[in-house]
Amino acid sequence: MGSQGSSNLFGWSKRVLWVDLSRGEFREWRYPGEMARMFIGGRGFAAKILWDFLEPGADPLGPRNLFIAAVGPLTGLPGPNTGKLVVAAKSPLTGGYGDGNIGSWAAVQMRAAGWDAIVVEGVSEKPVVLVVEDDRAWLEPAEDLWGLDAFRAYDRLVERYGRDAGILLIGPAGENLVRYATVVSMKGRAGGRPGIGAVMGSKRLKAIVVRGSGKPELFDPDAVMKYAVEAIREIKTSPNYGFWMRQGTMFTIEWAQEASVLPAYNFREAVFEGYEGISGSYMERIEVDLRSCPLCVMACGHVIDDSEGRRVELDYENVAMLGSNLGISRLEEVGLLNRLADVYGLDTISLGGTLGYALEAAERGKLELDAGWGETKKIARLIEDITFRRGVGDLLAEGVARLSQRVGETWYAMHVKGLEVSAYDCRAAPGMALAYATSPIGAHHKDAWMIGWEVQHGRTEYNREKVRKLIWMQRFRGGLFETAVACRFPVVETGLGLEHYVRLFQAATGLSYSLDDIFTVADRVYALIRMIWVREHGGWSIEKDMPPERWFRDPLTKGPLKGAKLDRDRFIDMLRMYYEERGWAPNGVPRPDTLRSLGLDGAAELAEKYTIPR
Ligand code: PTT
């Protein structure tokens, strides 16, 4: 991997702020430059820190878990869309590696304050806010904020610390340790699907507030500015830009209906009779505002008034999982459930997956529940019960994997490794099923949105071409964007070329990494994350990567793909191909020689114990 030959590292501050809440101690960790070269930042730093410092077997909701917020060398640059950061920890939902990507002023402010990551361990005796201002960090009491919803608490924090403060916080769901509580920012941004908000809650950390007055030292600031302007120009002149600005991710509802991948009634079907009422076209007619993350030039936050007349920002995943998946066909009503998730700090996808399962289990007479498909008001009450862990809500707060174990019927619990699946049915999309199966955090679409490509390329086929396509997507989406930390939408929605990011990276850091070099970093990060899972489980087996049983068992009964379901044997063949392409053993453990070739010697030692022969 090339570099400018200089030992100087530009683009990173080379500092991590380490906070121990049990002891009330703060320390600056000047990490070795090798860490930046090998892991870049964001998810790469989170994986490296968890591998090196997380005690195996630590309780995810106990003092030894580490909450991490990390930026990367592209974060906070003039553009495009760089106001993002990664939050990560051992997940209370899955017990494995968990992370999420959140748009926030905190990302920009961390760069200005000169911290590449903030790591929080221990548990505070009382609720606190961690305040970081340039080099200084301290704790402030937060008893007055504890119990407040994420929007009210945000307003209070803005009053106290100013409009320009970067704020990450949790709502009551995080405080009450709901296993899919998220971190919230800016009244409408949420990240950390696998319960990273609950990890903050377990530490009694209500919020992190960051302010900085500096700026990152870049290798060639003029070139960064020039390349950023060029990229932004290209985004804005892309043929898809106008439509994107009108609908954002909401266009996906109509697309998913047409492609028969829209989840309906807990993924019983992949078409929904009421899809028009929750569609992007309908949204355009009632939209009242448009919001974005900081430094964004292609805002995706379309805002409507919900059925109670309050503002809410919509996205496809939220609307599909809390709309069609629960049998609700009025966008304003879905908006109400979406807003509750935002103010309480619950992940909409896991919430929709858990509620969908509960409604189906109730219909089958297996769970007592005062709600049915499409009953928005009753479902809204259930969301409150989940947040405050009241009655049956306490069980639903555990997520669909644990809930289904308790109910005793697991085959229609829609999750992989404990993380509820995002909003794409896979009965006629084995490549997307493989994306869920191999995502480093459980069934999330962010690392590889295979579905868009797959519906146009032999969608029911199982082949090596799909496996290679998937790995390529994981390399740039889960690798480049999650380590350099910027929004991927310019590439995936307007077709901006990846070369823009490579030259921005080079100009920012002075490292002459090619796209292939960055992909090697991505492979290293993937292998290390897999080894975190292996270490936590004391080994691995192919069953742990399998998609939900329903997709193999229940064919679709409606729509143009009636009769479609996944084929187990062919799926397993494809999963084995995936391991092979990555240099992992047939049981899903990275081979020691693969790990050594990626410079992960410590992980290779552990892999010796668990790998199986070719
Ligand atoms: C992301 C997941 C998604 S993916 C959505 S909608 W999407 C849901 N959003 C939620 C929400 O809102 N409120 C809530 N209470 N829960 C929610 N859960 C769901 O979380 C988001 C955008 C979007 S909108 C997407 S795809 C892209 N995601 C990116 C990513 O992951 N990485 C990256 N480098 N760039 C990305 N750009 C886009 O950002 P998670 P956000 Mg989100 C209200 O966090 O855990 O990764 O799960 O972060 O700031 O809201 O931006 O159709």
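Counting convention: from 1, in listed order, for ligands and their atoms alike. As a basis for the values below, the full set of heavy atoms in this structure was taken, side chains included, without hydrogen atoms, waters or symmetry mates.
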**Prompt:** Within a radius of less than 6.0 Å around CD of Glu384, do more than 12 heavy atoms belonging to other residues, nucleotides or ligands occur?
**Reply:** yes

**Prompt:** Is a side-chain N or O of Asp99 found less than 3.5 angstrom from the main chain of Ala88, in a donor-acceptor match?
**Reply:** no

**Message:** When you measure from the side chain of Lys206 to the backbone of Ile170, do you find a donor-acceptor pair of N or O atoms at a distance under 3.5 Å?
**Reply:** yes

**Prompt:** Would a 4.5 Å heavy-atom cut-off, applied to side chains only, mark Thr75 and Met110 as touching?
**Reply:** no

**Message:** Suppose we measure from atom 39 (O) of ligand 1 to each protein heavy atom; which comes out shortest, and what is that distance?
**Reply:** Lys84 NZ, 2.8 Å

**Request:** Check for a donor-acceptor pair, side chain of Asn101 on one end and backbone N or O of Gly191 on the other, with a separation under 3.5 Å.
**Result:** no

**Prompt:** Should you measure from each heavy atom of Glu482, which atoms of ligand 1 turn up under 4.0 Å away?
**Reply:** 30 (C), 31 (O), 32 (N), 33 (C), 34 (N)

**Prompt:** What are the atoms of ligand 1, with element, lying closer than 4.0 Å to any heavy atom of His444?
**Reply:** 1 (C), 2 (C), 46 (O), 47 (O)

**Request:** Would you kindly specify which portion of Lys446 sits under 4.0 Å from ligand 1, judged on non-hydrogen atoms: side chain, backbone, both or neither?
**Result:** side chain

**Request:** Measure the distances from the heavy atoms of Arg477 to every atom of ligand 1 and state whether one is below 4.0 angstrom.
**Result:** no

**Message:** Distance under 4.0 Å to a non-hydrogen atom of Asp315: what atoms of ligand 1 satisfy this?
**Reply:** 6 (S), 24 (S), 52 (O)

**Message:** More than 12 heavy atoms of other residues, nucleotides or ligands under 6.0 Å from NZ of Lys446: yes or no?
**Reply:** yes

**Message:** Checking a contact table here: which protein heavy atom is nearest atom 18 (N) of ligand 1, and how many Å away?
**Reply:** Asp347 OD1, 2.6 Å

**Asked** What protein heavy atom is closest to atom 52 (O) of ligand 1, reported as residue, atom name and distance in Å?
**Response** Glu317 CG, 3.5 Å

**Request:** State the atoms of ligand 1, each with its element, that fall below the 4.0 Å cut-off from a heavy-atom position in Ala341.
**Result:** 15 (N)

**Prompt:** Hey, which atoms in ligand 1 end up nearer than 4.0 Å to a heavy atom of Ala190?
**Reply:** 11 (C), 13 (N), 14 (C), 15 (N), 16 (N), 41 (P), 42 (Mg), 44 (O), 48 (O), 50 (O)

**Message:** Can you name the atoms of ligand 1, numbered from 1 with element, that are less than 4.0 Å from a heavy atom of Phe481?
**Reply:** 34 (N)

**Asked** Any side-chain donor paired with an acceptor under 3.5 Å for Glu536 and Tyr97?
**Response** no

**Request:** Starting from atom 34 (N) of ligand 1, locate the nearest protein heavy atom and write down its residue, its atom name and how far away it is, to 0.1 Å.
**Result:** Ala486 O, 2.8 Å

**Prompt:** Is there a donor in the side chain of Ser104 and an acceptor in the side chain of Ser185, or the other way round, less than 3.5 Å apart?
**Reply:** yes

**Message:** When you measure from the side chain of Thr182 to the backbone of Ala190, do you find a donor-acceptor pair of N or O atoms at a distance under 3.5 Å?
**Reply:** no

**Request:** Answer yes or no: does atom CZ of Arg152 have more than 12 heavy-atom neighbours from other residues, nucleotides or ligands under 6.0 Å?
**Result:** no

**Asked** Which ligand 1 atoms are under 4.0 Å away from a heavy-atom of Gly100?
**Response** 40 (P), 45 (O), 46 (O)

**Prompt:** Under 3.5 Å, side chain of Glu175 to main-chain N/O of Gly147, donor-acceptor pair present?
**Reply:** yes

**Message:** I want to know whether Tyr501 and Phe481 have ring centres closer than 6.0 Å.
**Reply:** yes

**Request:** Return the residue, atom name and 0.1 Å-rounded distance of the protein heavy atom closest to atom 46 (O) of ligand 1.
**Result:** Asn101 N, 3.1 Å

**Item:** For atom 15 (N) of ligand 1, the option (of Val492, Thr182, Leu346) bearing the nearest heavy atom
**Value:** Leu346

**Prompt:** Considering distance alone, does some N or O of Cys293 sit under 3.5 Å from an N or O of ligand 1?
**Reply:** no

**Request:** Return the residue, atom name and 0.1 Å-rounded distance of the protein heavy atom closest to atom 29 (C) of ligand 1.
**Result:** Arg488 NH1, 3.2 Å

**Request:** Check ligand 1 against Arg189 and write out every atom of the ligand that is under 4.0 Å from a heavy-atom position of the residue.
**Result:** 41 (P), 49 (O), 50 (O), 51 (O)

**Asked** Got an N/O contact under 3.5 Å between Tyr316 and ligand 1?
**Response** no

**Within-shell test, Glu313 vs ligand 1, heavy atom, strictly < 4.0 Å** = no

**Asked** How far is atom 17 (C) of ligand 1 from its nearest protein heavy atom, and which residue and atom is that?
**Response** Thr348 OG1, 3.1 Å

**Request:** Please determine if Gly192 has a nitrogen or oxygen closer than 3.5 Å to a nitrogen or oxygen of ligand 1.
**Result:** yes

**Fill in**
atom 43 (C) of ligand 1: closest protein heavy atom, distance to 0.1 Å, is Gly188 O, 2.8 Å

**Request:** Check whether the side chains of Arg193 and Ser350 place a donor and an acceptor atom closer than 3.5 Å, and report yes or no.
**Result:** yes

**Message:** For a quick check under 3.5 Å, do Tyr316 and Gln247 share a side-chain donor-acceptor pair by atom type?
**Reply:** no

